[in-house]
Amino acid sequence: MTFLRHYDLKQLKIDALAGVIIALVSIPISMGYAQVAGLPAVYGLYGSVFPILLFGLLSTSPRFVFGVDAAPAALCGGMLANMGIAAASPEALQIVPVLTLFVGLWLLVFHLLRAGCFVKYISSPVMGGFITGIGCEIILMQVPKLFGGRAGHGELPQLLAGIVTEAGRHFHGLSFVLGLATVAIILLCRTLVPRIPVNVIIMGVGALLTMMLDLRKYGVLLLPAVERGLPPFVLPNLAVLGQHTGTILTTSLTIALVIMAESLLATNNFGMQFGDAVDNNREILAYAVGNLTAALTGCCPVNGSVSRTSMAIQFGVKSQMMSVIASAGMVLVLLLGTGMIAYLPVPVLTGIVIAALISILEFDLAKKLRKADKVEFFIFLAVFFAVLFLGTLYGVLAGVILSFVIVIVRSSNPPRAFLGCIPGRDGFFPLGQIREACPIKGVLIYQFKGPLFFANIDLLRSDIEAAIREDTRAVIVDAGAVSEIDVTAAEQLLLCYDRWKKQSVQLFLVRHHSEINDSLRTFGARRLIDEKAVRPFLSEALQAIGLAKPYPLEENDAPRPVLTLLPTEVSDVITRRIAAFQWAYGEDADARMKELVTDFFDENTAYQNISLERLRAFGEKVSEGKWSSEDKDRFLDMMEMAMVVRLQDQGIPDKDIRHLENKLIHYHAELEKEWQGDDEELIKRIIQFRLHREKQFRREYPASYQVFEDLRAHHREILQEEDPGLYEKVCAARREAEALAGREDSAAGKEKQAVDAEDDQRR
């Protein structure tokens with residue numbers, strides 16, 4: 001109720017509008033989810049009055065929406081189906097409030113145990129896979145109701161078989177058209193007019209069609225009539241527990257875990273987005289009170305709603321006054337508007353629910369994970385398929401187990417790398433990841449990130465022992481990112497120190513914070529400190545073995561230990577030497593560069609006004625002066641390609657074309673002169689990138705390619721005149737790159753011929 005103390009009445013208009021919209025949108029969605037939970041549709045409205053009001057008064061989140069939602073409804077309905085209890089039966093109406101009561105009690109226990117801190121162990125891939133699996137499962141349950149059949153139950157094989165069976169027995173064409181049209185219209189409007197509550201409009205249109213055409217006469221199922229009145233007070237009958245005690249306790253615990261994890265994760269995400277201060281433990285109390293209140297109205301468990309929260313945010317909501325008004329609005333619906341429920345076609349309500357479920361599916365997250373992190377992508381899929389094939393309970397268990405497994409695996413296999421130096425530059429850099437980095441002669445510098453404990457100390461030892469050679473004089477462990485050390489790791493470090501000392505290899509531990517030294521002393525490894533094996537700086541360890549700058553380095557192509565698990569971390573100087581833009585954007589670098597080029601042309605629509613100064617200024621603005629030679633060349637390539645396409649498409653006057661060509665040609669020649677200070681390997685790399693982009697351009701815009709090639713030939717002529725030496729280097733690199741590309745194309749052609757020949761033989 002804290003929001004009422006300092007409430008700004010100027011915000012009331014916005015919060016009132018959002019509350020009314022949320023109440024209206026909740027009518028069809030909550031009724032649909034109530035049916036998924038095995039209750040009559042009106043119980044969705046009952047669950048949208050007092051539970052929402054009390055949640056709003058207790059919550060610390062100013063904009064999160066609570067109500068009857070997908071995951072708890074599916075778990076509740078699945079429990080009834082497994083128990084063999086018919087949906088909306090008298091027995092279901094007795095068992096569901098008991099289930100909801102225990103959900104509220106579990107949440108109260110979580111509040112008392114301050115269990116909100118454990119939610120951080122539930123990762124986004126786990127929750128995303130679970131929610132997506134639940135959403136797909138409910139959609140498949142609801143599909144038969146689109147065409148006049150009965151809702152399905154069970155896991156994926158049973159649901160698919162049920163759809164086929166129901167279609168054979170009860171398929172009704174008009175119902176299917178109404179349901180499918182509902183889904184299509186809502187999804188289309190969600191994209192075109194997201195602020196309009198189209199769910200409410202569709203519900204009204206469905207009721208209007210029934211009034212005008214008497215859809216029941218044509219075989220379309222309608223919702224049963226509902227009496228007007230506030231939610232009845234229901235005292236959960238614990239006597240129904242009987243032989244179902246274990247099932248109800250287990251399912252209620254599962255639902256409570258899902259409510260806590262899903263709602264807290266979503267609440268904190270929205271909180272970070274808007275800078276809201278969220279008290280996790282207070283939120284769990286609000287969830288508990290909401291569910292205990294829902295049990296007293298006979299409703300299924302209630303949960304946070306991401307989709308309705310997103311809609312409320314679109315209307316600028318800033319306080320839980322929205323929930324108070326939404327609750328009051330639902331009271332008005334129950335007192336004055338229940339008559340229209342009997343006119344609502346079941347396929348239309350089902351279509352509204354399916355469209356709402358589609359919005360919660362997180363396949364976009366799976367797509368991102370597939371590109372960025374294969375392990376987390378696998379976790380998403382594992383939880384997703386566990387829900388679909390094994391059921392929601394096993395999906396929850398799989399998610400929780402995988403969350404803890406991934407924490408353990410990543411702690412056991414942390415990022416790490418061997419480091420070296422770059423001639424003439426300060427700092428230490430990952431070998432293999434930074435091309436110019438070379439190992440210091442006779443020294444292994446090993447960087448380890450994360451806690452050092454019993455599960456990963458062997459990894460450190462084996463990495464280092466595999467890299468020690470006859471000429472190795474010292475092993476320096478850069479522990480600047482080691483957060484803690486346990487007794488096993490401390491003991492093992494001491495053993496390694498003694499064993500390597502016998503091999504005339506000195507071990508140093510450097511750059512760690514002082515608490516690590518406290519742990520070493522406590523765990524019996526004080527000798528490392530006494531014998532100066534612990535140093536505050538890496539340079540001090542090198543000095544201890546008689547090395548000072550400039551450090552003696554091995555040849556760049558000499559064999560050296562390389563680990564690839566440590567993300568590249570480089571100084572600003574090195575960032576300018578490697579392709580910083582490619583480093584930042586990875587696979588999306590070309591797409592992002594094209595966007596920048598488009599921005600430039602959009603800002604400079606008068607082509608005759610484009611100058612070298614404007615080109616340089618734009619490049620400096622978007623790069624902040626940190627682009628490498630490769631980045632600048634990529635940018636100018638994209639610029640020339642985009643210019644050629646625009647010239648071909650827009651009918652630009654010849655004088656403007658010549659002006660723009662001249663500026664780009666001279667800018668390219670100017671950039672190439674910057675290569676004078678760079679090595680031939682860099683030039684080769686740039687030329688290889690050029691050939692690759694030219695090949696793509698020729699394939700995508702064959703009609704424009706010749707104009708582009710003429711531009712290239714012209715600026716090569718300028719370079720030959722102004723800098724013959726650099727011109728020869730560029731030409732040599734181009735000939736080498738073309739020869740390499742020719743060999744690769746030839747090999748690919750032969751491989752294709754061999755595959756075709758094998759196919760012919762098989763045929």
Side-chain angles (χ1 to χ4, degrees), residues 22 25-39 41 43-45 47-48 51-52 55 64-81 87 96 99-100 103 126-143 145-146 151-156 159 183 186-187 190 199 251-252 254-267 287 290-291 294 299-311 349-363 365 383-384 386-388 391-393 395-396 399:
I22 294 304
V25 168
S26 296
I27 294 171
I29 293 177
S30 62
M31 287 196 300
Y33 287 147
Q35 290 186 311
V36 169
L39 294 172
Y43 279 83
L45 305 183
S48 301
I52 311 310
F55 169 81
F64 199 60
V65 176
F66 207 64
V68 182
D69 205 59
L75 289 162
C76 180
M79 182 196 73
L80 293 179
V96 171
L99 175 72
T100 308
V103 169
V126 167
M127 189 52 63
F130 176 75
I131 294 302
T132 304
I134 283 278
C136 289
E137 187 175 59
I138 302 176
I139 288 172
L140 293 173
M141 287 179 183
Q142 297 294 298
V143 165
K145 293 171 65 177
L146 283 177
H153 290 288
E155 279 64 68
L156 183 62
L159 291 172
V183 176
I186 292 175
L187 294 181
R190 188 179 293 159
N199 294 355
T251 306
S252 61
T254 302
I255 294 174
L257 287 170
V258 169
I259 290 172
M260 180 177 71
E262 184 185 354
S263 298
L264 274 186
L265 285 172
T267 300
Y287 308 156
N291 276 278
C299 186
C300 60
V302 285
N303 186 29
S305 172
V306 174
S307 59
R308 279 171 273 179
T309 301
S310 300
M311 179 171 288
L349 177 63
T350 303
I352 292 172
V353 171
I354 289 177
L357 288 164
I358 290 173
S359 71
I360 72 170
L361 304 182
E362 297 196 36
F363 289 117
L365 173 62
V383 177
F384 172 70
V387 171
L388 284 182
T392 49
L393 176 58
V396 172

>> Between Phe384 and Leu361, is there a side-chain heavy-atom distance shorter than 4.5 Å?
In response: no
> From Ile354 CD1 over to Lys145 NZ, what is the distance, rounded to the nearest 0.5 angstrom?
Replying inline: 9.0 Å
>> Would you compute the distance between atom CZ of Phe66 and atom OG of Ser26 and round it to the nearest 0.5 angstrom?
In response: 12.5 Å
> With no hydrogens and no angle check, is any side-chain donor or acceptor of Thr132 less than 3.5 Å from a backbone partner on Glu362?
Replying inline: yes
> Considering all heavy atoms of both residues, which atom of Val96 and which atom of Ala37 are nearest to each other, and what is their separation?
Replying inline: CG2-O, 4.3 Å
>> Quick one, Val353 and Gln35 - any side-chain contact, counting heavy atoms below 4.5 Å?
In response: no
> At their closest point, which heavy atom of Gly44 faces which heavy atom of Ser48, and how far apart are they?
Replying inline: O-OG, 2.8 Å
> Side-chain contact, heavy-atom cut-off 4.5 Å: Ile360 with Val306?
Replying inline: no
>> Could you check whether any side-chain N or O of Asn291 sits under 3.5 Å from a backbone N or O of Val302, counting only pairs where one atom can act as donor and the other as acceptor?
In response: yes
Can you give the donor-acceptor pairs under 3.5 Å from side chains of residues 70-81 to other protein atoms, not counting sequence neighbours?
none

Can I get a per-line list of side-chain donor-acceptor pairs under 3.5 Å for residues 256-266, giving both atom names and the distance, sequence neighbours left out?
from	atom 1	to	atom 2	distance (Å)
Glu262	OE1	Asn303	ND2	3.1
Ser263	OG	Ile259	O	3.0
Ser263	OG	Asn303	OD1	2.6
Ser263	OG	Gly304	N	3.0

>> Tell me if a side-chain donor or acceptor on Thr350 pairs with a main-chain N or O of Gln142 at a distance below 3.5 Å.
In response: no
>> Which residue in the set Ile358, Leu388, Leu159 passes side chain to side chain contact (heavy atoms under 4.5 Å, CB included) when paired with Cys136?
In response: Leu388
> What pairs of residues pass the salt bridge (Lys or Arg N to Asp or Glu O under 4.0 Å) test when at least one of them lies in residues 66-78, not counting sequence neighbours?
Replying inline: Asp69-Arg308
>> I'd like to check Arg190 versus Ile186 (side-chain heavy atoms, cut-off strictly below 4.5 Å). Are they in contact?
In response: yes
